[in-house]
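Step one of this worksheet: look at the structure below.
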Amino acid sequence: MLEAKFIRSNLERVKAAVDAKGEHVEIDQYIALDEERRKILQDADALKADRNRVSKEIAEEKSQGGDPAEKIKSMKDVSRRIKELDDKLRDIEEKTDALLMWFPNMPDPSVPVGHSEDENVVVRTWGEKPTLDFEPVPHWDIGEALGLFDFARGSTIAGSNFSLFKGDGAKLVRALVTFMLDMHTKKYGYTEVWPPSLANRDCMTGTGQLPKLAEDMYHCQVDDLFLIPTAEVPLTNLHKGEILDGERLPVCYTAYSPCFRREAGSYGKETRGLNRVHQFDKVELVKFVTPESSNDELEKLVGNAEAVLQALGLHYRVSLLCTGELSFAAAKCYDLEVWSPAQQKWLEVSSCSNFGDFQARRAGIRYRPGKGEKARYVHTLNGSGVALPRTIVAILETYQTGDGKVSLPGALVPYMDGREALE
RNA sequence: GGAGAGAUGCCAGAGCGGUUUAAUGGGGCGGUCUCGAAAACCGUUGGGCAGGCAACUGCCCCGGGGGUUCGAAUCCCUCUCUCUCCGCCA
């Protein structure tokens, strides 16, 4: 959420940012309402000051045996007017708050302006495209042949694009999750969390999934709970409404969670196999940091996610997203994409973002820099470290040996009972 | 799911409609005393909104929301959460 005062005094910048992100916001309507709100607020506050003063006088007169009937009578009218103004104020605030929720975050100055994927900037590429001396087989064929997954039966249970892993495939999922969590906790000092997979409306608004992305989420109407699209939601809301001790920052969490996405309206080739599924597994990284350090911390976080891909020996690239590709709540974002040899394309496996104080404002997450100092909003960051399905795609297609088998990257061998290949 | 109890400041904990601008402890911070420390004593101690260049001023916040009243932490309604007991359950 942007601060009302900030919008008021940086109107042109905000408008430019909304355009650069390709969003549409009722900004003029908001400004008009905000002005009306402040005017009424001032009137109401003046009347309340009056009421407080006279109420004290009434109490004093009564205790000294006087009869303040005249004052009580005149205050009756004041109270009525206060009530009218408060009602009006509540009505306007409901509207301004709702409008405010649709303002996207401001992009960081280091983000390139652009409208499409083509204007993202590839900042580095790691490794080389694997050279196979045979025609690479797509992962859906490898997986079906080795009995790693069974999409037909997954559909029987929940519908199309619900994946089902079995045998070594299920074990591979478990191995990857453990491998990633071990790396982030042991090597990079993240604290492991096992969060709920459902979250309430308040939390979804806090991280910015609501109101804009309501259609993308699974919603349990009876309890008004949402299935989390990412562990970012529970992890970031972990400190909702709190003031953190500045000396504890940065606070870093990692969590495995299933992620649920309706992906309404996406069909066809893009969704073949594991490319795009409604439920997938992911290890997430979340940090609470000081405003001064957030962009440096973002670089570190990207490095932590990259370390996973490097350990797995997968060819990948890192892109800095342009303004038009940036998500609603993000100020700056790097995407990590792995190479799919059979599909001959890059697949996004991680999105690492700095949200500035946007989420912190919505969720009320602050820190106190030092004893007696004023509380400030933290900056929140998150990134996938990393998402499993497309990582599995890259592993199967990169390490296929041409005889129907798949060798395993060394880092995974200990997590797969010492086995060096899937066959 | 049923019955009951509760939610107050950094923590503990008072508060029976108007000297409560939230008592009293404890903790933290600052000071006096001391060579230094302890003890003792004194002072201080959150958040938000609006106006103002500013010093500052006003308003709001006792779990959330609404109501009664000239006036609400206090009375009423409602929601959420926590605890105790019962039921159900992997």
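Residue numbers begin at 1 in each chain, while the letters A, B, ... track the order of the sequences.
Comparing A73(B) with A23(B), their C1' atoms are spaced 13 Å from each other, to the whole Å.
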For residues 248-259 of chain A, tabulate all N or O donor-acceptor pairs below 3.5 Å that involve a side-chain atom, not counting sequence neighbours.
{"from": "Y253(A)", "atom 1": "OH", "to": "H239(A)", "atom 2": "NE2", "distance (Å)": "2.7"}
{"from": "T254(A)", "atom 1": "OG1", "to": "E284(A)", "atom 2": "O", "distance (Å)": "3.0"}
{"from": "Y256(A)", "atom 1": "OH", "to": "D281(A)", "atom 2": "OD1", "distance (Å)": "2.4"}

All N/O donor-acceptor pairs, side-chain side in residues 89-98 of chain A, below 3.5 Å, sequence neighbours left out:
{"from": "T96(A)", "atom 1": "OG1", "to": "I92(A)", "atom 2": "O", "distance (Å)": "3.3"}
{"from": "T96(A)", "atom 1": "OG1", "to": "E93(A)", "atom 2": "O", "distance (Å)": "3.1"}

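A sub-4.0 Å separation between OP1 or OP2 of G46(B) and a side-chain N or O of R368(A) is absent. Side-chain nitrogen and oxygen atoms of N52(A) include at least one within less than 4.0 Å of the OP1 or OP2 phosphate oxygen of C60(B).
Heavy-atom nearest nucleotides on RNA chain B were determined for K5(A) and for A59(A), and the one closer to the 5' end corresponds to A59(A). Heavy-atom nearest nucleotides on RNA chain B were determined for E60(A) and for K56(A), and the one closer to the 5' end corresponds to E60(A).
The aromatic rings of F226(A) and H219(A) sit parallel, their planes meeting at an angle under 30°, below the 60° perpendicular limit.
A donor-acceptor pair is defined here as one N or O able to donate and one able to accept, closer than 3.5 Å; such a pair exists between the side chain of K21(A) and the backbone of S327(A).
Contacts classified as ring-ring contact (aromatic ring centres under 6.0 Å, His included) and involving residues 6-28 of chain A (residues at least two apart or in different chains) are not found. The side chain to side chain donor-acceptor pair (under 3.5 Å) contacts involving residues 178-187 of chain A comprise D182(A)-Y415(A), where partners must be two or more places apart or lie in separate chains.
Between K39(A) and D34(A) no salt bridge is recorded (no basic side-chain N to carboxylate O distance below 4.0 Å). Between K300(A) and E297(A) a salt bridge is recorded (basic side-chain N to carboxylate O distance below 4.0 Å).
Across all strands shown, A37(B) has no partner, as no Watson-Crick or G-U wobble contact with both distances under 3.5 Å is found.
Computed from coordinates, the D43(A) CG to G58(B) P distance equals 18 Å when rounded to whole Å. Rounded to whole Å, atom C1' of C60(B) lies 9 Å from atom CG of L41(A).
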Set out, line by line, the N/O atom pairs under 3.5 Å between protein and nucleotides 87-90 of chain B.
none

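A centroid separation of less than 6.0 Å is found between the aromatic rings of F328(A) and F358(A).
Counting any heavy atom pair closer than 4.0 Å across all strands shown, R53(A) reaches no nucleic acid atom. Heavy atoms of R80(A) sit nowhere under 4.0 angstrom from any nucleic acid atom. Residue A4(A) is classed as having no contact, given no heavy-atom separation below 4.0 Å to the nucleic acid.
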- line: Protein heavy-atom contacts under 4.0 Å, written 5' to 3' over nucleotides 63-78 of chain B as B (base), S (sugar-phosphate only) or - (none), form the string ---SSS-BS-------

